[in-house]
Each structure stands twice: as C-alpha cells, then as structure tokens.
Q: 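Sharing a structure with you now.
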Amino acid sequence: MKSYPSVTEAPGKRFAIVVARFNHLVTARLLEGCAAEFERRGVAADDVHVAWVPGAFEIPNACRALAETGRYAAVVTLGAVIRGGTPHFDYVCRAVTDGVREVARDTGVPVAFGVLTTDDIDQAMERVGGSDGHKGEEAAAVAVEMATLLPALAAPPS
Ligand code: INI
C-alpha cells in the first residue's frame with residue numbers, strides 16, 4: 001500500500017481568510033486562533049491575507065472572489081451563526097454552507113469551513129478555545145493539509 005504524503009506545515013504557501021464581523025466577539029477569536037495556527041505551521045504572516053465581510057451570508061461571495069484569483073493555496077472561512085428566535089438562522093446557515101461548498105467544488109481551491117452554527121453564545125465560546133477546542137485553529141490546520149494534499153494527488157504516490 002502507498003499513501004499520499006500527509007503534510008502538516010506549509011512554508012512558502014499563501015492563504016486567504018474570510019471572516020464575518022457579525023458576532024465579532026466570537027469571530028475575532030476564531031481569527032486569532034487561525035492566524036496563530038498558520039504561524040505554528042510555518043506560514044509567514046505576510047502570506048496570510050484577511051478579508052472581513054459583514055456577516056456569514058456574505059462569506060461565499062468573498063471566498064469565491066479570492067479563490068478565483070489563483071493567488072491562494074487555500075481559503076479559510078470563519079463566522080459565527082447563532083440561533084435566534086426566528087428562521088433567519090436556518091437561512092443564513094444554509095446560504096453559507098451551500099455557498100462555501102459550491103466555491104470549493106467550482107474552483108477546485110481547498111476551502112476550510114470554520115463557520116460555527118450554534119444554539120447560543122456559550123456553545124460558540126466553547127469552540128473558540130473553551131471546552132470544545134478551537135475551530136479557528138482547526139480550520140487553519142485543514143487548510144494547510146488540503147493545500148498540500150490536493151496538488152500532490154496529480155501524481156501517483158511514490
Ligand atoms: N450573520 C452572522 O454571521 N451570524 C448570525 O448569527 C446572523 N444572524 O443571526 O442574523 C447573521 N446575520 C447577518 C447576515 O449574515 C447578513 O450579513 C445580512 O443578512 C445582510 O446580508
């Protein structure tokens with residue numbers, strides 16, 4: 001059996017992060033963890049480019065524009081959609097998940113999904129360095145892994 005290489009560092013590669021301003025308390029922490037994880041994985045700070053958007057609904061458009069530039073090995077999407085008393089939550093969740101998936105499918109650029117969809121703010125805070133890990137860090141790790149794996153799949157494993 002032969003395996004494609006699983007790489008955990010990506011020095012020299014460039015990444016984009018799209019982060020939503022809505023629920024800024026949460027998304028700022030997502031961004032902080034994501035940037036720190038890129039640094040731990042050898043990515044230069046100048047090679048991490050951040051685009052803020054108003055809310056999660058706007059993430060797919062910015063993600064597509066960045067992916068289509070061809071400048072980035074992967075794009076990370078960060079946001080926090082928190083359930084309120086109306087169906088708005090479901091519409092925003094659907095739009096952002098479908099939209100991001102379509103960008104990855106249409107462009108072939110790896111997109112890491114770091115958009116939290118939670119019932120309340122406490123659940124969200126648990127996922128930005130609390131009892132449930134850090135989804136911003138995880139998204140950066142996914143971006144690094146997929147950014148190195150996808151190009152490697154072009155040739156058979158040695
Ligand atoms: N955007 C979010 O990122 N999170 C939310 O929880 C949220 N809620 O609950 O409404 C939210 N709404 C704004 C939306 O993403 C758009 O920015 C807005 O509808 C303008 O297009």
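Start at 1 and go down the list; that is how both ligands and their atoms are numbered.
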Q: Give every residue pair that meets the side-chain hydrogen bond (donor to acceptor under 3.5 Å, both in side chains) criterion with at least one member in residues 4-14, sequence neighbours excluded.
A: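 Output for this query is empty, none listed.
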Q: Please examine the side chains of V115 and T97, heavy atoms only from C-beta on, and report whether any two atoms are closer than 4.5 Å.
A: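 In short, these two side chains do not touch, never coming nearer than 4.5 Å.
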Q: Could you work out, with side chain to side chain donor-acceptor pair (under 3.5 Å) as the rule, every residue matching E58, not counting sequence neighbours?
A: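 E58: no side chain to side chain donor-acceptor pair (under 3.5 Å) contacts found.
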Q: Any pair with a residue in residues 83-95 that passes side-chain hydrogen bond (donor to acceptor under 3.5 Å, both in side chains), sequence neighbours left out, goes on the list, sorted by first then second residue, please.
A: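 Every side-chain hydrogen bond (donor to acceptor under 3.5 Å, both in side chains) pair that includes a residue of residues 83-95, provided the two are not neighbours, is R83-D119.
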Q: Give every pair formed by an N or O atom of ligand 1 and a protein N or O atom closer than 3.5 Å, one pair per line with both atom names and the distance to 0.1 Å, or write none.
A:
| from | atom 1 | to | atom 2 | distance (Å) |
| --- | --- | --- | --- | --- |
| ligand 1 | 3 (O) | A56 | N | 2.8 |
| ligand 1 | 4 (N) | A80 | O | 2.8 |
| ligand 1 | 6 (O) | N23 | ND2 | 3.3 |
| ligand 1 | 6 (O) | I82 | N | 3.0 |
| ligand 1 | 10 (O) | H88 | NE2 | 3.4 |
| ligand 1 | 15 (O) | A56 | N | 3.2 |
| ligand 1 | 15 (O) | F57 | N | 3.1 |
| ligand 1 | 17 (O) | E58 | OE1 | 2.6 |
| ligand 1 | 21 (O) | E58 | OE2 | 2.5 |

Q: Taking R29 first and then E32, would you say they form a salt bridge - that is, a charged N and a carboxylate O separated by under 4.0 Å?
A: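 So R29 does not pair with E32 through a salt bridge.
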Q: Side chains of V76 and V18, heavy atoms from C-beta outward: is any pair under 4.5 Å?
A: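 Side chain of V76 against side chain of V18, heavy atoms only: no contact under 4.5 Å found.
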